[in-house]
Amino acid sequence: MKSSHLCSYILLLGIYAPKVLSDNPSLQDVCPIAPQGERKLFMNGFLCKHPCTILASDFKTLLLNHAGDLDNIVRSSVNMVTTTELPGLNTLGLSMARTDIAPNGVVLPHSHPRASEIMFVHGGSVVVGFLDTKGRLFQKSLGEGEVFVFPRGLVHYIMNYGFSLATTFSVLNSQNPGVVGIVHAMFATDSDVVEGLMARMFEFGEMGVSDNITAGFPWAF
């Protein structure tokens with residue numbers, strides 16, 4: 001009986017919950033963004049192309065078919081495809097990203113204020129984690145073929161703990177998810193700040209954290 005009541009409650013919650021999980025739905029089949037010269041208004045989003053001018057190429061991109069430049073201090077690269085890069089994404093509430101991380105490389109802590117992210121490990125092994133609003137750390141080791149979800153707006157990170165290149169692909173439920181980086185939020189771009197943050201992240205990984213941890217993990221150093 002209790003189980004039946006619980007199922008009914010979940011069903012009603014799904015029906016009546018506010019539709020805030022992704023961008024607003026499209027009012028027509030497709031809506032690739034109009035070329036720059038045809039945008040006459042400033043709006044929350046992009047104007048659509050005229051239906052007669054829509055092409056199959058509006059829905060194709062090659063931006064994720066190759067690794068990014070890993071010759072940087074964090075030894076990682078993130079290529080994001082949003083509506084700006086792929087016009088056919090307009091009004092669909094989706095964007096994609098490819099992340100490549102060299103051994104001992106990291107994607108520094110950051111958040112997406114307008115999207116949740118589901119990440120698929122294409123190759124290599126990584127340690128991923130996010131912090132909730134109570135400061136709890138949720139961290140897991142992932143291998144090829146495994147999936148992890150970063151909830152909307154929460155600070156998260158990725159580390160390569162293997163001996164070869166790690167590659168992941170992500171889908172985010174906003175055509176413009178936004179990125180807020182911890183280093184930028186600190187109004188600092190100095191390499192010492194980045195190196196210190198990377199060292200702290202690897203300390204967490206070496207602790208063998210594999211599940212919910214309620215202890216505080218300050219990012220300051």
Side-chain angles (χ1 to χ4, degrees), residues 22 57 59-86 88-89 92-112 114-131 137-183 191 194-195 197-213 217 219:
S22 63
S57 58
F59 304 92
K60 177 183 177 180
T61 181
L62 299 176
L63 294 178
L64 302 182
N65 71 350
H66 58 279
D69 182 12
L70 303 181
D71 186 17
N72 53 67
I73 190 172
V74 293
R75 297 183 290 279
S76 67
S77 172
V78 179
N79 290 329
M80 180 79 74
V81 174
T82 65
T83 307
T84 304
E85 294 78 28
L86 185 58
L89 287 175
L92 300 184
L94 295 171
S95 58
M96 292 187 64
R98 171 178 176 150
T99 302
D100 297 287
I101 314 173
N104 294 319
V106 304
V107 174
L108 293 175
H110 64 282
S111 65
H112 303 292
R114 294 181 290 274
S116 297
E117 175 181 355
I118 183 167
M119 186 192 75
F120 170 79
V121 181
H122 177 70
S125 57
V126 295
V127 171
V128 301
F130 67 85
L131 288 162
L137 175 64
F138 298 79
Q139 180 170 282
K140 281 290 188 182
S141 299
L142 303 177
E144 183 175 335
E146 295 188 298
V147 171
F148 196 79
V149 174
F150 301 117
R152 175 179 176 174
L154 297 186
V155 173
H156 56 279
Y157 57 88
I158 314 172
M159 299 179 282
N160 184 344
Y161 257 71
F163 298 99
S164 60
L165 176 71
T167 299
T168 70
F169 290 92
S170 298
V171 174
L172 301 94
N173 65 333
S174 171
Q175 68 181 44
N176 183 23
V179 179
V180 179
I182 291 295
V183 174
S191 60
V194 175
E195 290 175 354
L197 190 53
M198 291 174 63
R200 179 61 61 88
M201 291 170 65
F202 279 107
E203 287 178 8
F204 290 166
E206 290 169 359
M207 291 169 60
V209 177
S210 61
D211 219 319
N212 305 353
I213 300 299
F217 285 86
W219 289 104

Novice: Quick one: side-chain hydrogen bond (donor to acceptor under 3.5 Å, both in side chains) partners of S111, sequence neighbours excluded?
Specialist: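 Applying side-chain hydrogen bond (donor to acceptor under 3.5 Å, both in side chains) to S111 gives none.
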Novice: Return the orientation label for the H112 and H156 ring planes: parallel under 30°, perpendicular over 60°, tilted otherwise.
Specialist: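 Taking H156 first and then H112, their aromatic rings sit tilted (interplane angle of 30° to 60°).
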Novice: Any chance you could measure L64, atom CG, to H122, atom NE2, to the nearest 0.5 Å?
Specialist: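 Rounded to the nearest 0.5 Å, the CG-NE2 separation comes out at 11.5 Å.
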Novice: To the closest 0.5 Å, what do you measure between CG (L92) and OG1 (T83)?
Specialist: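 The OG1 atom of T83 is 8.0 Å from CG of L92, to the nearest 0.5 Å.
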Novice: Taking side-chain hydrogen bond (donor to acceptor under 3.5 Å, both in side chains) as the test, write out the residues that go with E144, two or more places apart.
Specialist: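 Applying side-chain hydrogen bond (donor to acceptor under 3.5 Å, both in side chains) to E144 gives none.
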Novice: Output every pair passing salt bridge (charged side-chain N to carboxylate O under 4.0 Å, His left out) with a member in residues 154-177, not counting sequence neighbours, ordered by first then second residue.
Specialist: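 Pairs touching residues 154-177 that pass the test: none.
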Novice: Indicate, with yes or no, if the rings of F120 and F169 have centres closer together than 6.0 Å.
Specialist: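 Centroid distance F120-F169: not below 6.0 Å, so no.
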Novice: My understanding is that only residues two or more places apart in sequence, or in another chain, count here; which of them pass side-chain hydrogen bond (donor to acceptor under 3.5 Å, both in side chains) with S77?
Specialist: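 Residues passing side-chain hydrogen bond (donor to acceptor under 3.5 Å, both in side chains) with S77: none at all.
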Novice: Give me each pair satisfying salt bridge (charged side-chain N to carboxylate O under 4.0 Å, His left out) with a member in residues 95-108, each pair once, sequence neighbours excluded.
Specialist: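 Every pair satisfying salt bridge (charged side-chain N to carboxylate O under 4.0 Å, His left out) with a residue in residues 95-108: R98-D100.
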Novice: Distance from N104 atom CG to N160 atom CG, nearest 0.5 Å?
Specialist: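 Rounded to the nearest 0.5 Å, the CG-CG separation comes to 7.5 Å.
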Novice: When you look at E85 and M96, which way does the side chain to side chain contact (heavy atoms under 4.5 Å, CB included) test go after all the steps?
Specialist: CA-CA 10 Å; E85 294 78 28; M96 292 187 64; over 6 Å; no
Novice: Determine which pairs satisfy side-chain hydrogen bond (donor to acceptor under 3.5 Å, both in side chains) with at least one residue from residues 62-73, sequence neighbours left out, and list them in order.
Specialist: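 Not a single pair qualifies under side-chain hydrogen bond (donor to acceptor under 3.5 Å, both in side chains).
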Novice: Over all heavy atoms of both residues, which pair between P151 and V149 is shortest? Give the atoms and the distance, please.
Specialist: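 Here P151 and V149 meet closest at CD-O, 3.6 Å.
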